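Comments concern the structure below.
Labels below follow one simple rule: chain letters A, B, ... track the order of the sequence lines, proteins then strands, and each chain is numbered from 1. Everything quoted here is computed from the prediction, not taken from an experiment.
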2 protein chains.
Amino acid sequence: MSDLLERLRGRGWRMTAQRRVVAEVLDGEHVHLTADEVHARAVTKLPEISRATVYNTLGELVSLGEVLEVATDKRAKRYDPNAHRPHHHLVCARCGAIRDVHPTGNPLADLPDTERFGFTVSDVEVTYRGLCPDCAGA
Amino acid sequence: MSDLLERLRGRGWRMTAQRRVVAEVLDGEHVHLTADEVHARAVTKLPEISRATVYNTLGELVSLGEVLEVATDKRAKRYDPNAHRPHHHLVCARCGAIRDVHPTGNPLADLPDTERFGFTVSDVEVTYRGLCPDCAGA
DNA sequence: GTTTGACTTAGATCTAGTCTAATGTAGGAT
DNA sequence: ATCCTACATTAGACTAGATCTAAGTCAAAC
């Protein structure tokens, strides 16, 4: 069903029921879930899985580069399984929903050396904010 | 000393010792403080000021548009007194330090209609990430 | 100088996340 | 097939950051 599990196994990731379930949840729906939402879905497949394990597993998937952490505001972090195609985010200011977007242009090139203050700049995130159709209609 | 206090008074903002101190802290140093850092500095000027008041006051300054809230990660929010000149941020991935930057280009124009999913897009934030000179050197 | 509604306070509470010590188990060795 | 053990999982305590509450205070309109 998924090559995510294959990739992980290939990297020597010790496979457990809990980790499989977390990976399946992320792989299944290409939306941006919070850790608690991942936990809630995981519990339906494996009732005894604990929150700590979900956090641990998400953290590992992030350091393996298989999943992206998205912290657009002070609500819960969200996890983005679409780590292999670079993209940015469009966030609803009201409900927090996130969509992946692919703007044109290259913002990294738009930051002149004089504006880098000696930093080693390695990454840019562009976050568009607005209201989703549901929240704008209300 | 500052026109921030003038502007606030002009808007009918009820002036209290606590609010003045918070405004002065923000106005004084053009860095990006966390709420607790604001509180710590405020306490040196007005020892009995409470954390709740600092939070309230910061929240009001944000809704008045005098101060910007910057939530670049899951650490504490930071408050940016430079609300009147549009800019973006350069963040140190290690220590969380923030610098204001002014990239060229206009990312809002870089998001085609087909990528807007019916959202009413009103704002873009560009966050550059990297290591500051101190953290890169370590 | 009074009045009053807005402001401030200490501390409880909430949420998201991390840590710990005890227990369980995947998967290599035998 | 079973045994080991290093790694994984667990429940629940803990933390940081932020918000809420109810009681007390005070700026400013009169």
Side-chain angles (χ1 to χ4, degrees), chain A residues 5-6 8-25 32-43 45-64 66-80 95-96 98, chain B residues 5-6 8-25 32-43 45-64 66-80 95-96 98:
Chain A
L5 289 174
E6 289 314 309
L8 293 171
R9 209 186 298 268
R11 296 215 211 177
W13 211 49
R14 185 153 154 183
M15 191 52 63
T16 65
Q18 291 83 347
R19 289 175 167 192
R20 182 170 34 254
V21 164
V22 170
E24 280 170 5
V25 165
H32 301 73
L33 301 170
T34 65
D36 270 354
E37 286 165 351
V38 172
H39 181 240
R41 283 167 172 70
V43 161
K45 302 182 179 211
L46 185 65
E48 61 282 358
I49 191 171
S50 80
R51 280 182 357 108
T53 296
V54 171
Y55 276 103
N56 289 343
T57 305
L58 288 172
E60 281 165 39
L61 289 170
V62 169
S63 30
L64 288 169
E66 292 291 345
V67 161
L68 256 35
E69 218 170 55
V70 187
T72 52
D73 51 29
K74 281 250 69 76
R75 307 184 213 192
K77 275 184 205 162
R78 287 168 183 274
Y79 292 87
D80 182 346
C95 70
I98 298 182
Chain B
L5 290 174
E6 289 315 308
L8 293 171
R9 209 186 298 268
R11 296 217 212 174
W13 210 49
R14 184 154 155 187
M15 191 51 64
T16 66
Q18 292 81 348
R19 288 175 168 195
R20 182 169 37 253
V21 165
V22 170
E24 281 170 4
V25 166
H32 301 74
L33 301 170
T34 64
D36 270 354
E37 286 165 351
V38 173
H39 180 238
R41 282 167 172 69
V43 160
K45 302 182 179 211
L46 186 65
E48 61 281 358
I49 192 171
S50 79
R51 280 180 1 105
T53 297
V54 172
Y55 277 104
N56 289 342
T57 306
L58 288 172
E60 280 164 41
L61 289 171
V62 169
S63 33
L64 287 169
E66 293 291 346
V67 161
L68 256 35
E69 217 170 56
V70 187
T72 52
D73 52 30
K74 281 250 64 79
R75 308 183 212 190
K77 276 184 206 162
R78 287 168 183 274
Y79 291 88
D80 182 347
C95 70
I98 299 181

Value in whole Å for how far the [atom2] atom of [N] lies from [atom1] of [X]:
X	N	atom1	atom2	answer
A:H39	C:dG17	NE2	C1'	13 Å
B:W13	C:dT8	CH2	C1'	13 Å
B:L33	D:dG17	CG	C1'	16 Å
A:L46	C:dG24	CG	P	16 Å
A:N56	D:dG12	CG	P	17 Å
B:K77	C:dT15	NZ	P	15 Å
B:R20	C:dC7	CZ	P	15 Å
B:R75	D:dA18	CZ	C1'	18 Å

Mind listing the closest non-hydrogen atom pair of [X] and [Y] along with its distance?
X	Y	answer
A:V62	A:Y79	CG2-CE2, 3.9 Å
A:A35	A:V54	O-CG1, 3.8 Å
A:H39	A:S50	NE2-C, 3.8 Å

*With a 4.5 Å limit on heavy-atom distance, are the side chains of A:I49 and A:V22 in contact?*
yes

_pair A:T57-A:Q18: side-chain heavy atoms closer than 4.5 Å_ = no

Measure from the side chain of [X], starting at C-beta and using heavy atoms only, and say which of [options] lies closest.
X	options	result
A:S50	C:dA6, D:dA11, D:dG17	D:dA11
A:A35	C:dG17, D:dA18, D:dG17	C:dG17
B:D36	C:dA16, C:dA6, D:dG17	D:dG17

*asked:* Within the 4.0 Å heavy-atom criterion, would you say B:A76 contacts the bases, only the backbone, or no part of the nucleic acid?
replied: sugar-phosphate

_Classify A:R51 by what it touches in the nucleic acid, base, sugar-phosphate, or nothing, heavy-atom distance under 4.0 Å._
base

Please state whether the phosphate of [N], meaning OP1 or OP2, lies under 4.0 angstrom from any side-chain nitrogen or oxygen of [X].
X	N	value
A:Y55	C:dG17	yes
A:T53	D:dT10	yes
A:R19	D:dT9	yes
B:T16	C:dT8	yes
B:Q18	D:dC26	no

_5'-most by nearest nucleotide on DNA chain D - A:E48 or B:A52_ = A:E48

*If you pin B:I49 and B:R14 to their nearest nucleotides in DNA chain C, which one's is more 5'?*
B:R14

